[in-house]
**Q** 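This is the structure, below, for whatever I ask next.
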Protein chains: 2
Amino acid sequence: MGMETQVLPARLPADLSDGVFPAGCPSRTVLDHITSKWGVLILLSLSEGEQRWSDLRRRAEGISEKMLAQTLKTLERDGLVLRKSQPVIPPRVDYSLTDRGYELSALLIPLVAWAYNNADEILNGER
Amino acid sequence: MGMETQVLPARLPADLSDGVFPAGCPSRTVLDHITSKWGVLILLSLSEGEQRWSDLRRRAEGISEKMLAQTLKTLERDGLVLRKSQPVIPPRVDYSLTDRGYELSALLIPLVAWAYNNADEILNGER
DNA sequence: CCCATATCTTACTAAAAGGTGAGTACCTTA
DNA sequence: TAAGGTACTCACCTTTTAGTAAGATATGGG
């Protein structure tokens with residue numbers, strides 16, 4: 001898992017393509033969670049495999065502990081991230097993606113890769 | 001354009017897969033632009049073809065004029081959206097995606113479709 | 001003369017997001 | 001004895017983001 005390639009639709013589902021999203025639509029909430037600044041970074045980081053709190057802190061460079069905790073909680077509640085804590089001292093907690101989280105990260109990766117590849121041109125105003 | 005399917009990588013580019021993004025990385029800025037709440041909706045709406053200001057206002061339900069203006073400006077500066085204004089009264093301005101914008105929307109569409117399809121399960125806490 | 005139209009801009013305010021620093025618990029190492 | 005590691009939470013404050021409401025514009029129609 002994480003190794004395959006995917007074939008993806010280039011159009012929106014039919015029921016979205018007219019008025020686009022209604023304002024109170026649940027998918028807007030979900031979209032906000034999964035496209036949040038730190039959410040994306042955590043999901044991407046975890047797409048490389050299980051990681052501990054301190055790993056994530058380091059890899060999502062610049063994140064504060066508060067935001068890390070908050071983001072992980074949201075992702076866990078959404079069933080995208082799995083939290084396994086061992087009752088040892090010092091504490092040990094491992095975070096990983098659920099199946100649903102992997103599904104999502106597979107869609108996020110091309111997006112992020114594209115942003116990475118196009119960032120300089122975009123910000124320098126090059127056509 | 002907009003009709004093809006694409007084959008996408010399931011892993012991050014090699015130079016991203018270690019420390020994930022450095023904090024000041026330009027791709028973070030770009031990512032913030034393209035994953036912004038209203039940015040996504042505008043890009044999706046325009047993926048269906050050229051539209052006027054008032055169309056976009058209606059289709060991105062809930063957006064204020066202020067945010068519409070601001071979002072369009074950012075997307076235009078980033079070379080994702082093209083603005084064609086005709087000097088008539090009342091004014092007429094058509095917005096459309098650039099080639100780069102289409103490239104991006106092709107990546108956004110599967111993500112949004114996924115969010116749409118999974119929203120209820122996610123928010124109801126169903127596995 | 002005044003209103004409607006379409007595309008914005010601006011000033012003010014409210015809400016959301018995020019940073020900082022402290023505190024907790026307990027064991028290990030120096 | 002003291003410091004350090006690990007994974008947090010909490011309270012407080014600042015910064016950023018977004019909403020609201022008003023105004024600018026220029027013209028044709030009643």
Side-chain angles (χ1 to χ4, degrees), chain A residues 20-25 28-43 45-46 49-78 81-96, chain B residues 20-25 28-43 45-46 50-78 81-96 123:
Chain A
V20 183
F21 297 46
C25 188
R28 284 214 192 171
T29 308
V30 172
L31 211 50
D32 284 350
H33 291 184
I34 66 186
T35 61
S36 76
K37 171 171 169 153
W38 297 117
V40 173
L41 261 47
I42 297 297
L43 289 167
S45 189
L46 289 178
E50 187 173 77
Q51 279 158 66
R52 300 179 65 173
W53 166 279
S54 46
D55 296 326
L56 290 169
R57 252 226 105 178
R58 193 165 22 78
R59 302 191 60 179
E61 202 180 273
I63 198 171
S64 67
E65 300 202 322
K66 180 184 156 187
M67 289 314 296
L68 181 53
Q70 204 177 101
T71 306
L72 283 171
K73 246 179 226 166
T74 302
L75 296 177
E76 201 195 345
R77 253 203 318 275
D78 288 348
V81 161
L82 190 68
R83 180 179 182 278
K84 281 183 293 187
S85 95
Q86 300 174 38
V88 296
I89 302 268
R92 176 182 182 116
V93 182
D94 294 291
Y95 292 95
S96 54
Chain B
V20 183
F21 296 46
C25 188
R28 284 214 191 171
T29 308
V30 171
L31 212 50
D32 284 350
H33 292 184
I34 67 185
T35 62
S36 76
K37 170 171 171 154
W38 297 117
V40 173
L41 261 48
I42 298 297
L43 289 167
S45 189
L46 289 178
E50 187 173 76
Q51 278 157 68
R52 300 179 63 173
W53 166 278
S54 45
D55 298 326
L56 291 170
R57 252 226 105 179
R58 192 166 23 78
R59 302 191 59 181
E61 203 180 272
I63 197 170
S64 66
E65 300 201 322
K66 181 185 153 186
M67 288 314 294
L68 180 53
Q70 204 178 101
T71 306
L72 283 171
K73 244 177 226 166
T74 302
L75 296 177
E76 201 196 347
R77 252 202 319 272
D78 287 347
V81 162
L82 190 68
R83 180 179 182 278
K84 280 184 294 189
S85 96
Q86 299 173 39
V88 295
I89 301 280
R92 175 181 181 114
V93 183
D94 294 290
Y95 292 94
S96 54
L123 296 180

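Below, chain A is the first sequence line, B the second, and so on; all start at residue 1. Just so it is clear, the values below take in all heavy atoms, side chains as well, and ignore hydrogens, waters and symmetry mates.
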**Q** Using whole Å, report how far CD of A:Q86 lies from C1' of D:dC8.
**A**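 Rounding to the nearest Å, CD of A:Q86 and C1' of D:dC8 are 16 Å apart.
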
**Q** What's the CG-P distance between A:D32 and C:dA16, to the nearest Å?
**A**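 So the CG-P distance, A:D32 to C:dA16, works out to 12 Å.
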
**Q** In whole Å, what is the span from the CG atom of B:D94 to the C1' atom of C:dT7?
**A**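 It works out to 12 Å between those atoms.
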
**Q** Output the rounded distance in Å from CD (A:E61) to C1' (C:dG19).
**A**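 Taking CD of A:E61 and C1' of C:dG19, I get 17 Å after rounding.
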
**Q** So B:D78 and B:V30, do their side chains get closer than 4.5 Å, heavy atoms only?
**A**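 The answer is no; the side chains never approach within 4.5 Å.
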
**Q** Would you mind reporting whether A:K84 and A:E50 have side-chain heavy atoms less than 4.5 Å apart?
**A**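 Contact flag for A:E50/A:K84 side chains = yes.
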
**Q** Whole angstroms only, please: what is the CH2-C1' distance between B:W53 and C:dT7?
**A**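 The distance from CH2 of B:W53 to C1' of C:dT7 comes to 6 Å, rounded to the nearest Å.
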
**Q** On a heavy-atom basis, which atom in B:T74 and which in B:H33 lie closest, and how many Å separate them?
**A**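 Shortest heavy-atom separation between B:T74 and B:H33 comes out as CG2-ND1, 3.5 Å.
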
**Q** If only side-chain N and O atoms of B:Y95 are considered, is one of them under 4.0 Å from the OP1 or OP2 phosphate oxygen of C:dA6?
**A**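 No, outside the criterion.
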
**Q** Quick check on side-chain contact (heavy atoms from CB on, under 4.5 Å): which of B:I63, B:T71, B:L68, B:L41 does B:L56 satisfy it with?
**A**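 By the side-chain contact (heavy atoms from CB on, under 4.5 Å) criterion, B:L56 pairs with just one of B:I63, B:T71, B:L68, B:L41: B:L68.
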
**Q** Quickly work out the B:Q51 CD to C:dA6 P distance and round it to whole Å.
**A**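 Atom-to-atom, B:Q51 to C:dA6, this comes out as 16 Å.
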
**Q** Please confirm whether the shortest side-chain N or O distance from A:S54 to OP1 or OP2 of D:dA7 is below 4.0 Å.
**A**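 For D:dA7, OP1/OP2 do have a side-chain N/O of A:S54 under 4.0 Å.
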
**Q** Under 4.0 Å between a side-chain N or O of A:R92 and OP1 or OP2 of D:dA7?
**A**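 For D:dA7, neither OP1 nor OP2 has a side-chain N or O of A:R92 closer than 4.0 Å.
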
**Q** Among A:Q51, A:R59, A:R58, A:R52, find the one that has a side chain to side chain donor-acceptor pair (under 3.5 Å) with A:D55.
**A**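 Result: among A:Q51, A:R59, A:R58, A:R52, A:R58 is the only option passing the side chain to side chain donor-acceptor pair (under 3.5 Å) with A:D55.
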
**Q** Any idea which of D:dC8, D:dG5, D:dA7 is nearest the A:P90 side chain?
**A**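 Selected nucleotide (nearest to the side chain): D:dG5.
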
**Q** Is there a donor-acceptor contact under 3.5 Å from the side chain of B:E61 to the main chain of A:P22?
**A**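 Side chain of B:E61 to backbone of A:P22: no pair is present.
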
**Q** Let's see if you get this right: which residues in residues 62-73 of chain A place a heavy atom under 4.0 Å from DNA chain C?
**A**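 Going residue by residue through residues 62-73 of chain A, the ones with a heavy atom under 4.0 Å of DNA chain C turn out to be A:S64, A:K66, A:M67.
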
**Q** Hey, does the side chain of B:S85 come within less than 4.0 Å of C:dT7's phosphate (OP1/OP2), counting only N and O?
**A**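 Negative; the distance criterion is not met.
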
**Q** Expressed as a whole number of angstroms, how long is the span from B:R83:CZ to C:dA6:C1'?
**A**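 Rounded to whole Å, this separation is 12 Å.
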
**Q** Measure the distance from NZ on B:K37 to C1' on D:dA18 and round it to the nearest whole Å.
**A**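 For the pair B:K37 NZ and D:dA18 C1', the rounded distance is 9 Å.
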
**Q** Which part of the nucleic acid, if any, lies within contact of B:R57, taking any heavy atom under 4.0 Å across all strands shown: a base, the sugar-phosphate backbone alone, or nothing?
**A**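 Here B:R57 touches no strand at all.
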
**Q** So which atom in B:E65 and which in B:W53 form the shortest heavy-atom distance, rounded to 0.1 Å?
**A**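 Answer, listing the atom of B:E65 first, then B:W53: O-CH2, 3.6 Å.
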
**Q** Is any side-chain nitrogen or oxygen of A:R52 closer than 4.0 Å to OP1 or OP2 of D:dA7?
**A**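 For D:dA7, OP1 or OP2 has a side-chain N or O of A:R52 closer than 4.0 Å.
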
